[in-house]
Asks: 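Here it is, the structure in full.
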Amino acid sequence: MVNWLVQLDELLRGERVRGEYLLKGRIDLSLRVFVPIAVVLGAIYGFFMGWYALFGWRHGSLEQALATTVKLPALYLLTLGVTFPSLYVFNALVGCRMTFPATIRVLVGAIVVNLAVAASLGPILAFFTLSTTSYAFMVLLNVALLGIAGFVSVGFLLRALRALARSRAYEEAAREVSGAGESAATPPPIPDATPPLSRYAGDPEDPAQAAARARAAAMSAAARRTHESASRREGTANFILTIWVIIYMLVGSQMGWILRPFIGDPSSPFTWLRPREGSFFLAVWNALHHFLGW
């Protein structure tokens with residue numbers, strides 16, 4: 001357990017997502033350790049979410065509290081299963097060259113960060129649970145807290161993928177312009193008949209100085225072309241990864257709607273799953289209307 005906490009701390013500090021590992025297409029993250037960590041962290045937040053069923057209802061529902069503790073980590077693991085193939089394809093499109101295992105590891109890492117932030121917000125959720133009995137308020141509060149945790153994890157994921165995409169972009173751009181840069185940087189041969197007087201350091205016509213200036217100009221031009229090409233590639237990669245993040249958030253939101261109820265409506269009997277109707281966004285809109293008295 002202590003070793004798990006140490007590895008979790010290293011992940012949160014970014015030590016498990018190092019540049020040298022990403023450049024090699026892999027990540028220093030063990031699924032045997034971090035998948036159980038994700039389950040435990042999800043269960044911790046689910047436990048605090050289940051407090052409303054225990055203390056917010058007129059008659060406490062232990063079944064709903066237990067169901068919430070189980071379904072919260074299941075929500076994120078099922079979202080991982082649905083979105084993982086698309087992330088692997090999107091990584092291939094942006095040239096990240098991450099292997100199949102490395103892709104699932106970085107996604108598991110993002111989910112662990114998500115649930116770690118959510119678990120840290122659990123006591124705040126418990127405080128508000130004991131302070132109010134408003135079902136609409138608790139729905140909106142959970143959406144807000146999980147949304148905050150989600151944005152933090154998405155930022156973690158994007159930083160890792162964009163760093164890898166940026167490195168690959170500069171690598172490929174440099175390789176494309178290296179041939180032209182090397183040929184332009186090759187100094188011309190120095191004639192044997194060069195007058196001795198023209199060889200001293202201050203002579204502007206010195207062939208060695210002219211060759212050095214030509215080499216510097218060629219290197220500067222090559223660096224500029226590399227930067228421009230890499231910037232275009234990086235912009236394309238960021239656009240594609242942003243599209244994937246939007247898909248990931250939509251899938252996660254709708255997955256939560258499919259697995260509802262999590263909090264438990266006091267006016268409805270306990271059930272593991274509700275009929276498939278409506279949508280997550282419509283439910284949040286209705287809860288907002290009810291909370292504001294519209």
Side-chain angles (χ1 to χ4, degrees), residues 1-46 72-122 145-168 234 237-238 240-253 255-256:
M1 182 61 69
V2 175
N3 184 42
W4 285 16
L5 294 177
V6 171
Q7 294 191 46
L8 175 60
D9 181 72
E10 292 175 350
L11 175 66
L12 296 177
R13 295 178 184 275
E15 298 177 6
R16 292 273 164 177
V17 191
R18 298 174 181 174
E20 59 266 25
Y21 290 112
L22 292 176
L23 288 176
K24 296 178 181 178
R26 57 190 180 90
I27 178 174
D28 185 20
L29 191 152
S30 173
L31 295 180
R32 294 182 179 180
V33 173
F34 283 93
V35 170
I37 288 178
V39 173
V40 171
L41 292 174
I44 291 175
Y45 185 85
L72 204 284
L75 162 65
Y76 286 89
L77 294 179
L78 290 174
T79 302
L80 182 150
V82 172
T83 58
F84 164 68
S86 61
L87 177 60
Y88 183 76
V89 173
F90 277 50
N91 278 331
L93 290 176
V94 301
C96 288
R97 299 178 185 175
M98 294 183 68
T99 61
F100 196 85
T103 304
I104 195 170
R105 286 191 180 99
V106 74
L107 190 51
V108 168
I111 289 177
V112 170
V113 171
N114 189 338
L115 292 174
V117 176
S120 70
L121 298 174
L145 295 181
L146 291 177
I148 292 171
F151 278 111
V152 172
S153 68
V154 165
F156 165 86
L157 181 62
L158 282 179
R159 283 194 301 272
L161 296 180
R162 284 174 175 172
L164 181 57
R166 184 183 304 113
S167 300
R168 292 299 186 187
E234 183 181 352
N238 288 340
I240 294 176
L241 291 175
T242 301
I243 293 177
W244 181 85
V245 166
I246 295 174
I247 295 174
Y248 175 78
M249 296 173 65
L250 291 175
V251 170
S253 300
M255 185 67 71

Asks: Applying ring-ring contact (aromatic ring centres under 6.0 Å, His included), name anything that partners Tyr248, two or more places apart in sequence or on another chain.
Replies: Trp244
Asks: Can you name the closest pair of heavy atoms from Leu29 and Gly109 and give their distance?
Replies: CD1-CA, 3.6 Å
Asks: Restricting to non-hydrogen atoms, name the atom on Ala38 and the atom on Pro73 that form the minimum distance, rounded to 0.1 Å.
Replies: O-CB, 4.4 Å
Asks: Ignoring hydrogens, what is the shortest heavy-atom contact between Ala119 and Ile44? Give both atom names and the distance.
Replies: CB-CG2, 4.0 Å
Asks: Please tabulate, for the side chains in residues 77-85, all donor-acceptor contacts under 3.5 angstrom to protein atoms that are two or more places apart in sequence or on a different chain.
Replies:
unit_1, atom_1, unit_2, atom_2, d
Thr79, OG1, Leu75, O, 2.7
Thr83, OG1, Thr79, O, 2.7

Asks: Do any side-chain atoms of residues 145-158 form donor-acceptor pairs under 3.5 angstrom with protein atoms, and if so which ones, sequence neighbours left out?
Replies:
unit_1, atom_1, unit_2, atom_2, d
Ser153, OG, Asn114, ND2, 3.4
Ser153, OG, Gly150, O, 2.8

Asks: Once rounded to the nearest 0.5 Å, what's the spacing between atom CE of Met255 and atom CG of Leu250?
Replies: 12.5 Å
Asks: Going from CG on Leu41 to CH2 on Trp4, what distance comes out if it is rounded to the nearest 0.5 angstrom?
Replies: 10.0 Å
Asks: To the nearest 0.5 Å, tell me how far Ile111 CD1 sits from Leu115 CG.
Replies: 7.0 Å
Asks: Could you work out, with side-chain hydrogen bond (donor to acceptor under 3.5 Å, both in side chains) as the rule, every residue matching Tyr45, not counting sequence neighbours?
Replies: Asn142
Asks: To the nearest 0.5 Å, tell me how far Leu107 CG sits from Ser86 OG.
Replies: 8.5 Å
